[in-house]
Amino acid sequence: MSRLVVVSNRVAVPDAQSATSGGLAVALRDALRTCGGIWFGWSGKTTAQTAETPTMTEVGPVTYATLDLGRKDYNEYYNGFANRTLWPLFHYRLDLAEFSHENYTGYLRVNTLFAEKLRPLIEDDDHLWIHDYHLIPLGRELRALGLSHPMGFYLHTPFPALEVLLALPSHELLVKSLCAYDVVGFQTENDLRSFRDYIHYEAGGEILDDKSVRAYGRLVRTQVFPIGIERGQMEQAAARAVEQGAARRLERTLHNRSLMIGVDRLDYSKGIPERFRSFERFLEQYPAHRGQVSMMQIAPLSRSEVPEYKAIRDQLEGLAGYINGRYGDFDWMPLHYLTKNFQRETLAGFFRLSRVGVVTPLRDGMNLVAKEYVASQDPNYPGVLVLSRFAGAARELDAALLVNPYDHEGVAAALHQGLIMSLEERRERWQSMIEKVQSNSLENWRERFLTVLRSVPTPMAVRSTGGDTASTGSG
Ligand code: F6P
């Protein structure tokens with residue numbers, strides 16, 4: 001089997017201090033181990049100047065190639081264009097999106113640099129899989145350096161509706177860059193539809209069938225690959241964790257009260273202030289629950305140098321204090337708000353202890369916490385998932401209590417419904433959700449994407465048959 005080259009902003013180098021080894025990292029590593037290859041990207045470190053050469057770490061058949069980014073590159077590419085322009089825009093927060101020419105230039109510069117540093121590492125029959133909004137222009141840059149290899153791109157975030165995307169001054173180059181890939185994968189049908197709308201209405205391209213479009217002189221396979229989790233791992237972790245220290249201690253502090261839980265990176269897209277307001281509305285409108293239920297919100301800090309993330313942190317501290325001040329009592333705290341990070345296994349135990357999982361992003365590509373919540377439940381006594389209709393996961397987990405996170409009354413009513421729901425209904429809803437989680441595992445997601453990517457003819461195969469590649473032109 002030919003080698004795989006994975007490129008992502010962050011690289012999960014095994015055992016490195018900065019590495020995050022979530023399920024996705026493990027799934028990509030497994031694929032790399034099977035066929036050998038390279039994982040290339042930012043090291044997660046910032047230095048005075050961007051490194052001249054990547055640091056190479058070999059672990060078995062996999063080479064991890066990481067670059068330290070200089071302060072200017074980090075600010076303009078990561079904090080700037082990726083996280084102050086594309087992130088808010090892709091999450092429908094035009095009000096927060098900043099359009100800075102300097103940051104845009106930095107974003108393109110880092111993508112060009114990544115292409116230049118990666119190019120010499122590529123072998124003839126490699127397949128490339130590039131991840132996420134940080135690296136949209138990378139494929140086009142690699143094509144410009146003469147690479148005609150099969151290249152796939154997967155977008156982990158939503159792809160915005162046409163009218164939202166048009167607000168981005170550089171929208172055309174961005175979509176043109178996506179068309180430099182042979183395969184472009186999205187989380188949901190909604191995201192794919194938005195992309196196809198752009199191709200049809202704005203780019204004057206052709207929608208060929210369900211699975212491909214032609215635009216900017218290229219044929220691109222466009223498909224939906226909803227990302228999943230490994231059910232078994234989460235289930236086992238939850239069963240173990242609920243018997244251990246942290247979960248036991250948490251249970252003791254509850255004094256037989258019910259627990260509602262939210263776990264999100266501290267990000268405005270996650271709808272945490274709106275959730276707190278809904279919780280306040282719940283306490284106001286359903287007074288019988290006062291003193292009987294607590295909400296625990298875990299929100300590890302994220303992208304702390306970006307001003308919008310500092311602002312939301314201040315806002316949440318204010319709101320949590322206000323709710324506890326207004327409703328709390330000497331022996332009961334309604335809202336526990338923690339910015340601490342917990343191990344996945346500990347969280348799985350907390351999920352299993354809770355009666356209601358609250359996952360109410362204003363917009364989310366998928367939201368794996370929703371799936372992890374479901375997988376962590378005790379099948380005989382499952383909790384209820386309250387899920388935003390604007391999370392990609394709502395497409396599959398339609399047996400959750402689906403809510404509009406902007407509608408505080410509606411969310412408050414769903415919290416109440418979750419707490420009073422019969423065990424029979426809880427089991428029925430959970431059964432329907434766990435079947436979906438089970439059937440769409442992370443491994444299935446990865447293999448479905450790679451199968452499509454591997455069906456793209458390699459340059460060598462094309463040369464030997466004298467045919468055309470499906471994708472022609474440099475985009
Ligand atoms: O959901 C998009 C994403 O980039 C993920 O790939 C990543 O795990 C998460 O956001 C965290 O973002 P950051 O790398 O900026 O901490």
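First listed ligand is number 1; within each ligand, the first listed atom is number 1.
Taking a cutoff of 4.0 Å between a charged side-chain nitrogen and a carboxylate oxygen, Arg313 and Glu317 qualify as a salt bridge.
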Exercise for review: Take Asp125 and Arg3 through the test salt bridge (charged side-chain N to carboxylate O under 4.0 Å, His left out) and record every step on the way to the result.
Suggested key: CA-CA 7 Å; Asp125 60 352; Arg3 289 195 328 168; over 6 Å; no

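With Ser441 contributing its side chain and Gln438 its backbone, the two residues share no donor-acceptor pair below 3.5 Å.
Annotation: Phe282 is not in aromatic contact with His408 [ring centroid separation under 6.0 Å not met]. For Tyr154 and Trp445, the ring centers are positioned less than 6.0 Å apart. For an aromatic pair to be called close, the ring centres must be under 6.0 Å apart, and Trp129 with His131 satisfies this.
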Would you tabulate the polar-atom pairs, meaning N/O of ligand 1 against N/O of the protein, with distances under 3.5 Å, reported to 0.1 Å?
from	atom 1	to	atom 2	distance (Å)
ligand 1	4 (O)	Asp132	OD2	3.3
ligand 1	6 (O)	Asp132	OD2	3.4
ligand 1	10 (O)	Arg303	NH2	3.1
ligand 1	12 (O)	Arg303	NH2	2.8
ligand 1	14 (O)	Arg10	NE	2.7
ligand 1	15 (O)	Tyr78	OH	2.5
ligand 1	15 (O)	Arg303	NE	2.8
ligand 1	15 (O)	Arg303	NH2	3.2
ligand 1	16 (O)	Arg10	NH2	3.3

